[in-house]
Structures are given as C-alpha cells and as structure tokens.
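Encoded as structure tokens, the structure appears first; notes follow it.
First listed ligand is number 1; within each ligand, the first listed atom is number 1.
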Amino acid sequence: MPKYVFVTGGVVSSVGKGIVAASLGLLLKTRGLRIALMKLDPYINVDPGTMNPYEHGEVFVTDDGAETDLDLGHYQRFTGVKLSQKSNVTTGGIYNAVIQKERRGEYLGKTVQVIPHITDEIKRRIRMLTAEEEEETDVAIIEIGGTVGDIESLPFLEAIRQFHLDVGRQDCCTIHVTLLPYVEAAGELKTKPTQHSVRALRDIGITPNVIICRTGNLRLSAGERQKIAMFSNVSEESIIGAEDISPIYAIPLNFQQQGLDQTVLKILDLQPGDGDLREWREMVDRIESLKKHVRIAAIGKYVSHDDAYKSIHEALVHAGVYSDCRIDLDWVDSEQLETGAFDPNTLSNYDGVIICPGFGRRGIEGKIEAVRCIREGGIPFLGICLGMQIAVIELARNVLGLSEANSTEFDPETPQPVISLLSEQRGVREMGGTMRLGAYRCDLNHGAKAHAAYGVDVVYERHRHRYEFNNQYRERLENEANMIVSGVHTRDGHELVEIMELRDHPWFCASQFHPEFTSMPLKPQPLFREFVRAALKHREEHRRD
Ligand code: GLN
C-alpha cells in the first residue's frame, strides 16, 4: 500500500512548495523508495495549456502529451520520475469530469455537490496516481497549489482531510510550507502568520506533521523553531528552516541536513536504506565552483516573466555543469529586435544564441533577422520549436531568395509556405487539442551533428506545436542552402522534419521538439550539452579573457 505526503502552502503564494515536493522526492528516491509526484492546481482552466506564459510561466509537457504546470519540471529534474497526464489535475479538470458524468446520468438523479462528488473525484485522481499499472509506488507526494485560506483550494483540502480517514492517518503526512516575514523595525522574523496559517489548516481538519519555514536570507533560530513548534502543536524536529539557497539543486541537501526525510519516514513508519547523495552533492559543488563561462543570448517573446522559459534556463545550467562553465544568460525580447532597441548585429558579442519556442506573429521579423546575423556570423545556434521554424524561414528568404517565405501561422496567404499545417490539420479551427503534443520517435541521420550529440540512432523527444516543416521545400533547402535534415519522424509514409542543421556552420542545430523538457542536472540533454560546448569553443577561439 502506498503512503501519501501532502504539501500545502501558507501565508503567501510562490512559497516554493514545488521545490519542497521535488526535494523530498529526491531524498526518498535516493533511499530506494519508489515515488510518484502530483500537483493539484486550484484554478478553473482544464489545463495550463491555454494560459499566458506572462502570467503562468512555462507550460511543461510530459511524454504522454499533458500540458502541465511548471512545477512538474522541477519534479522531473530533481527525481527523474516519469510524469504523465495523471500528474497534474486542476479544478477545471475535476469539474469537467464531474459534469460529464452528470450529463451521462451516472449520478442517478442525485443533486451533484462539492461534497461528496467533487471531493470524490479529487480522491479518485489521487488514487489513480498510485494505481499499479507499470510500477508500484511506495510514497506519493502530492502538492496542493494555492495558499491555505483561498476559496479555490478548499475542495482539495477537504478531499485530503477525507483521504486521511480513508487510508488511515498513519499512512499520510502533511507538510505545510510557510513564510516567516522579516520585520525591519523589530529586527526579527515573525512567526505569527505561520501560526495563523496552521490554525486555518486545522480549522479544515488537517493538522500538519511538518512545517517548512521560508526565512529569506536569514537562518531559522532555535527560539523561532520552539515558538512555532509550541503554537502549531508540532514537534521541534519537524520544524524545518528553508533559507533562500542558490543553486536550487542545493536545497535538498539543506533539507537532508535538517533531517526532513528522516522525520517524514518516521511519521509514515517506513525504514528504507540510507541513500547516497554523493553524486548530487558533487554536482552542486561543481555548480558552485565553475571555472569557465560563456555568454548566451536567449531570444523570446515572454522574457519579462522569470519562469516563462524555466526548463530552457535549467537545461543550460545542466549543460554548463557538464562543461565546467557558468552560463551568463541574457534574455532578449524579440520585439526589441524589431523596434531597433536591440541591434541584432550585437548578437555577435555572444558565444551562442537560442531562439525560444513561441506562438503568434509578434517579434517574428526580429527573430528572422537575428538568425541571419547568427548564421552569417558563425555563432553557435540552438533553435527550439518556433526557433527551428524561424531558421527555416530565414534560409528560404535569404539563401533561396524566396522573399515571401513564411509560416502560415504568421501569414496564412503566403505564396511560399515553408512552414505550414499538414493537410490533415487544415480546417481544424479549435485552439486546444489540435497540437502535436508529447513524445514522438525521432530517427537520427548518420553523419550529422545531432547524431553525434545523441550517440544513438533513435530518440524520443517532446513536442508542443501546431505547424510543421513543409517538405515541398526540403530538396531545395538541402541542395541550395546547406541545410541537413538530421532527424525525422515517420508517419504514414511521410517524414516530418524534427531536426535541421547547417553544413557550413560551426554549430547550427534546431529542433521541432523541445529538448529542454528532458534535461536533468546529472544528465544534460545532448543538444544543449553540445550547444554549450560549441559556445565554449567559440569563446575560446574568438575572445581573450
Ligand atoms: N507556434 C509554432 C507552432 O505552433 C511553434 C510552437 C512552439 O514553439 N512551441 O507550430
């Protein structure tokens, strides 16, 4: 029988519950336990797929094509566990399922209510996570989005209260993550909001077993620990301090030092082995003492939101650790390339440039111009999804001379649609559900840089896009523009171009998939790894510092 850990948040939002869940996942997995992770999100959107990255940050895609919250990215990077449709459930998704059941008459004429119908559906989803299909789970870690006290999270908390009764309290552990604000005038961290937040949780019928306190750049003192323990009715060893720590991969080490895993195991009455975090610790040490550095520019539309390209940022860090180099990353707003606020020619000051994924026509012309500068300047380039489409448009326009080449996403009437919908997609108007989502097989062509990077013939990488490379232009681009198609997905006898690169360039690789979603700190994604290596080489050859 699996055991369950619930992670709730109090006092403020963005308190770091996702990293807590991911860190505990790593600590338990390292001890040999089989873990599963899940996030319950209290918003009404059925999934975050349609949400604006400016507001919500990145959409993280799983192998089976779920568009999920970016916290799942942390889960995967910290633990490497397989995430799926089951790993992220929203209020919208729950209501959707309940309403569909009601329409099918499955509630047999009953009045459908939050309790028990919504809460039952939430509990069903939690159980589905640990249903033994492929692998058994020892501990399921379930993060509840939002903050205790919000109207939206109430049904989830109520479901969890019931869940404790259903499976037995001894099999459940609740970790409450809060913030201790620092009040300048008093010169101390304040515990009162945490006390109130624990009380709010208790009002709902949930008593936290562990409290993790965010303390900014201060350390939790023994006095504060005692005070919180007493007021919250939690033992002192179960109060864990969480000061701001960088890099984020050092956070689990801090938790381990304070015995978080041991406390949780005691509560759940589990006695696994000790676990060895040596490799992880070495990786953290390496991040803290990187000897070299490279300057990378990442061009995107949503650069003003810190988390809009979270996985790309992390994938670069992983690749940097591999090459012992710090990544000095500048985010470039693609619109500024168009308005002239950022001169694309200055990209030659960078050792490598990434063009990020994106939707919509805003900033597109600026990105095309950027690719021209990168291509002509011999600067290492990694194009991701839209980044590959832009690279193709640029080649078609500036090398083949197809001056009106475009994607039909940006110009539906273009006479030279080098990127377009597949014929079977045309006529589908609805936004959600028309995308190529999730992992697809990609066959790599021998002799190309992508093949050398991966070192295997077949890979599976994750997609999230609607438009595709138009094969009508393939031959010309290959014969006249030095383009190599280095990876393809074959479907019904047709090849979909998954990776393209340039023959006469130090490192110019672009993929229709999102390589950032599979990168791990101890196992950098191959395209990112080789991109950073190429950037390092470029720096060594072109700059003296
Ligand atoms: N907008 C492009 C498409 O739908 C690219 C999407 C992306 O970069 N994720 O095909």
Side-chain angles (χ1 to χ4, degrees), residues 47-54 56-63 65-68 70 73 298-303 305 307-313 315 331-335 353-368 370-371 381-394 396 405-412 414 417-426 428-440 442 461-471 473 489 491 496-500 509-518 525 527-528:
D47 63 43
T50 53
M51 286 162 92
N52 187 338
Y54 280 125
H56 193 70
E58 163 187 286
V59 173
F60 185 80
V61 180
T62 59
D63 274 346
E67 299 177 271
T68 71
L70 60 82
I299 304 173
K301 179 170 155 184
Y302 311 108
V303 289
H305 191 297
D307 286 341
Y309 305 105
K310 190 84 195 158
S311 295
I312 293 178
H313 181 256
W331 294 103
V332 177
D333 182 342
S334 47
E335 254 184 307
V353 180
I354 293 184
I355 296 207
C356 296
F359 293 84
R361 63 182 304 165
R362 193 146 48 86
I364 291 300
E365 293 301 320
K367 289 184 201 176
I368 295 172
V371 172
F381 169 71
L382 178 63
I384 303 178
C385 203
L386 175 68
M388 181 189 110
Q389 300 176 353
I390 297 284
V392 170
I393 296 170
E394 194 278 325
N406 216 329
S407 162
T408 54
E409 177 179 9
F410 318 128
D411 177 6
T414 173
V418 287
I419 305 291
S420 66
L421 291 178
L422 298 175
S423 52
E424 72 233 37
Q425 291 172 301
R426 292 186 194 131
V428 184
R429 281 266 168 269
E430 219 174 298
M431 282 308 242
T434 58
M435 280 203 268
R436 182 144 77 105
L437 280 169
Y440 282 80
C442 172
E461 292 277 12
R462 298 181 204 164
H463 291 246
R464 181 174 183 250
H465 60 101
R466 209 168 268 118
Y467 296 83
E468 303 280 354
F469 177 91
N470 183 346
N471 276 321
Y473 295 89
H489 173 70
R491 181 159 87 181
L496 295 175
V497 172
E498 304 285 60
I499 316 177
M500 59 77 83
C509 246
S511 65
Q512 188 57 80
F513 52 76
H514 290 252
E516 71 273 24
F517 291 144
T518 50
Q525 200 282 344
L527 296 180
F528 273 92

Inset, instruction - Give the intermediate values and the outcome of salt bridge (charged side-chain N to carboxylate O under 4.0 Å, His left out) for residues K301 and D333. - result: CA-CA 6 Å; K301 179 170 155 184; D333 182 342; over 6 Å; no
Legend entry - E516/K310 salt bridge by N-O under 4.0 Å criterion: no
Inset, instruction - State whether E498 and R436 are salt-bridged, where the test is any N-O pair (Lys NZ or Arg NE/NH1/NH2 against Asp/Glu carboxylate O) under 4.0 Å. - result: yes
Inset, instruction - Kindly compute the distance separating CD (Q389) from CD1 (I355), expressed to the nearest 0.5 Å. - result: 11.5 Å
Legend entry - Residue shell around ligand 1, heavy atom under 4.0 angstrom: P357, G358, F359, C385, L386, Q389, E409, R464, H465, R466, Y467, H514
Inset, instruction - Could you list the residues that satisfy ring-ring contact (aromatic ring centres under 6.0 Å, His included) with F60, not counting sequence neighbours? - result: F517
Legend entry - salt bridge (charged side-chain N to carboxylate O under 4.0 Å, His left out) assessment of R464 paired with E67: CA-CA 9 Å; R464 181 174 183 250; E67 299 177 271; 2.7 Å; yes
